[in-house]
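Fair warning: this is a prediction, and the values are worked out from it, not measured in the lab.
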Amino acid sequence: KKLLKIAFPFALAAIFVKVFSYVDTIFISKMIDTTAVSIYSIAYKFTYAFQFLPLAFTAALYPGFSSLVGKDASALKQMFFRGMWYMMILAIPIVFGLWAIAPEAVMLAGEGYVESALILQILAFVLIPIFLDFPIGSLLNAADRQITKTTIVGITMIINVVLNALLIPQLGIAGAAYAALASFTFMFFAGLAFVPQIIKTFSVFQLIRALLPILFSGLIMLMGTLLLKPYVGWIAVIPISAIIYLLSLILTRSVSRDDLQLVRTLFQKNV
């Protein structure tokens with residue numbers, strides 16, 4: 001009974017996630033047509049493909065949170081900030097990179113999917129709140145706040161359904177993309193509001209100061225990508241953009257010498 005009681009919020013949250021994962025395509029098929037569903041789905045699959053990254057990271061993060069909650073507040077805060085830092089480092093180049101090459105990327109599915117480019121450019125920004133929400137959700141679950149997390153996911157589902165119903169008739173398939181962006185942004189901020197209850201010394205301003213340089217690095221990468229893409233092509237610009245992003249992280253001091261040394265050590269171990 002105790003195990004079922006603990007597991008129930010997780011199961012309910014999974015159901016809520018499934019609902020707002022499919023409700024957009026259902027609304028599009030009923031309010032527009034199946035062709036619009038295929039155009040939307042191409043853009044959706046591009047963004048969905050990257051969500052395994054925070055899933056893998058959270059699997060490693062959760063045991064650390066569980067061992068520190070209620071025992072070492074300082075170490076817990078440091079681990080949480082580090083988790084958010086890692087998620088931002090991962091999310092920003094993917095988001096700006098997808099936005100920059102969206103017109104060319106969707107053409108991989110065929111010339112009939114050119115309309116998917118705009119949808120992909122909107123949905124790409126959904127990855128920022130999604131990535132940043134993973135450490136928050138992991139922290140809430142580790143602190144025995146799974147009911148809180150499930151409630152947030154449930155409200156997010158309701159917001160998503162309502163926004164899809166309102167925006168798709170007005171904006172077409174772009175309305176579904178904006179509904180996803182708004183609902184996932186709500187989920188991130190709603191979860192963030194509960195972090196100070198677990199980490200008493202948590203400061204939003206400290207978090208912004210830690211993440212803002214990464215955003216600036218991404219903007220530098222984006223400008224470089226847009227300038228170089230017409231000359232080198234969209235495929236060749238991807239590794240060039242990665243180098244620009246890395247150099248920008250160093251320039252803005254988003255990464256330290258210790259961070260680079262850690263990456264080098266991990267790389268040498270894997271090789």
Self-check item: Exceeds 12 heavy-atom contacts within 6.0 angstrom, atom CZ of Phe202
Solution: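 Yes.
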Self-check item: Heavy atoms from other residues, nucleotides or ligands near CZ of Phe216 exceed 12 (cutoff 6.0 Å)
Solution: no
If I compare all heavy atoms of [X] with all of [Y], which pair ends up nearest, and what's the gap?
X	Y	answer
Pro54	Met87	CB-SD, 3.6 Å
Thr25	Ser41	CG2-OG, 4.3 Å
Ala100	Leu222	CB-CD1, 3.9 Å
Phe125	Phe96	CE2-CE2, 3.9 Å
Gln121	Pro103	NE2-CD, 4.3 Å
Asp24	Ala176	CB-CB, 4.1 Å

Separation between [atom1] of [X] and [atom2] of [Y], rounded to the nearest 0.5 Å:
X	Y	atom1	atom2	value
Leu108	Phe46	CG	CZ	5.5 Å
Leu127	Ile94	CG	CD1	6.5 Å
Thr201	Lys77	OG1	NZ	4.0 Å
Phe65	Leu139	CZ	CG	5.0 Å
Leu228	Met223	CG	CE	12.0 Å
Met187	Leu192	CE	CG	12.5 Å

Quiz item: Of the options Phe50, Trp85, Phe131, which is the one that meets Leu90 in a side chain to side chain contact (heavy atoms under 4.5 Å, CB included)?
Solution: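 Considering Phe50, Trp85, Phe131, a side chain to side chain contact (heavy atoms under 4.5 Å, CB included) with Leu90 is found only for Phe131.
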Considering only heavy atoms from C-beta outward, does the side chain of [X] approach that of [Y] to under 4.5 Å?
X	Y	answer
Tyr40	Leu123	yes
Met88	Leu215	yes
Val161	Phe27	yes
Ile173	Ile168	no

Test of understanding: clusters of I, L, V, M, F, W, Y form through side-chain heavy atoms closer than 4.5 Å, transitively. Do [X] and [Y] belong to the same one?
X	Y	answer
Val162	Leu181	yes
Val95	Ile208	yes
Ile214	Tyr86	yes
Met84	Leu212	yes
Leu166	Met31	yes

Quiz item: Does NZ or CZ of Arg82 lie under 6.0 Å from the centre of the six-membered ring of Phe80, at an angle within 45° of the ring axis?
Solution: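 No, a cation-pi geometry is absent between Arg82 and Phe80.
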Self-check item: Derivation and outcome, side chain to side chain contact (heavy atoms under 4.5 Å, CB included), residues Val255 and Ile250
Solution: CA-CA 6 Å; Val255 295; Ile250 297 171; 3.9 Å; yes
So does [Y] get a backbone contact from the side chain of [X], meaning a donor-acceptor N/O pair under 3.5 Å?
X	Y	answer
Asn164	Asn160	yes
Glu104	Trp234	no
Lys149	Gly191	no
Ser138	Phe134	no
Asn141	Gly137	yes

Quiz item: Does the pair Val37 and Asp33 meet the rule for a side chain to side chain contact (heavy atoms under 4.5 Å, CB included), with working shown?
Solution: CA-CA 7 Å; Val37 172; Asp33 53 37; over 6 Å; no
Practice problem: Report the C-alpha distance between Trp99 and Leu226 in whole Å, list the side-chain angles of each, state the deciding distance to 0.1 Å, and finish with yes or no for side chain to side chain contact (heavy atoms under 4.5 Å, CB included). | Solution: CA-CA 10 Å; Trp99 190 91; Leu226 295 176; 4.0 Å; yes
Self-check item: Non-neighbouring partners of Gln78 that pass side chain to side chain donor-acceptor pair (under 3.5 Å), sequence neighbours left out
Solution: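 Once residues adjacent in sequence are excluded, Gln78 has no partner under the side chain to side chain donor-acceptor pair (under 3.5 Å) criterion.
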Quiz item: Do Ser29 and Thr34 have a side chain donor and acceptor closer than 3.5 Å?
Solution: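 Ser29 vs Thr34: no donor-acceptor pair found between side chains.
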Let me check something: any side-chain donor-acceptor pairs from residues 238-248 under 3.5 Å, sequence neighbours excluded? List them with distances.
unit_1: Ser241; atom_1: OG; unit_2: Thr225; atom_2: OG1; d: 2.6
unit_1: Ser241; atom_1: OG; unit_2: Val237; atom_2: O; d: 2.7
unit_1: Tyr245; atom_1: OH; unit_2: Ile89; atom_2: O; d: 2.9
unit_1: Ser248; atom_1: OG; unit_2: Ile244; atom_2: O; d: 2.7

Quiz item: Other hydrophobic cluster members with Ile155, side-chain heavy atoms of Ile/Leu/Val/Met/Phe/Trp/Tyr under 4.5 Å, chained?
Solution: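 Direct or chained contacts put Ile155 with Leu118, Ile122, Ile159, Leu163, Leu167, Leu171, Tyr178, Phe186.
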Exercise. Check step by step if side chain to side chain contact (heavy atoms under 4.5 Å, CB included) holds for Ile128 and Ile92.
Key: CA-CA 7 Å; Ile128 295 178; Ile92 288 299; 4.0 Å; yes
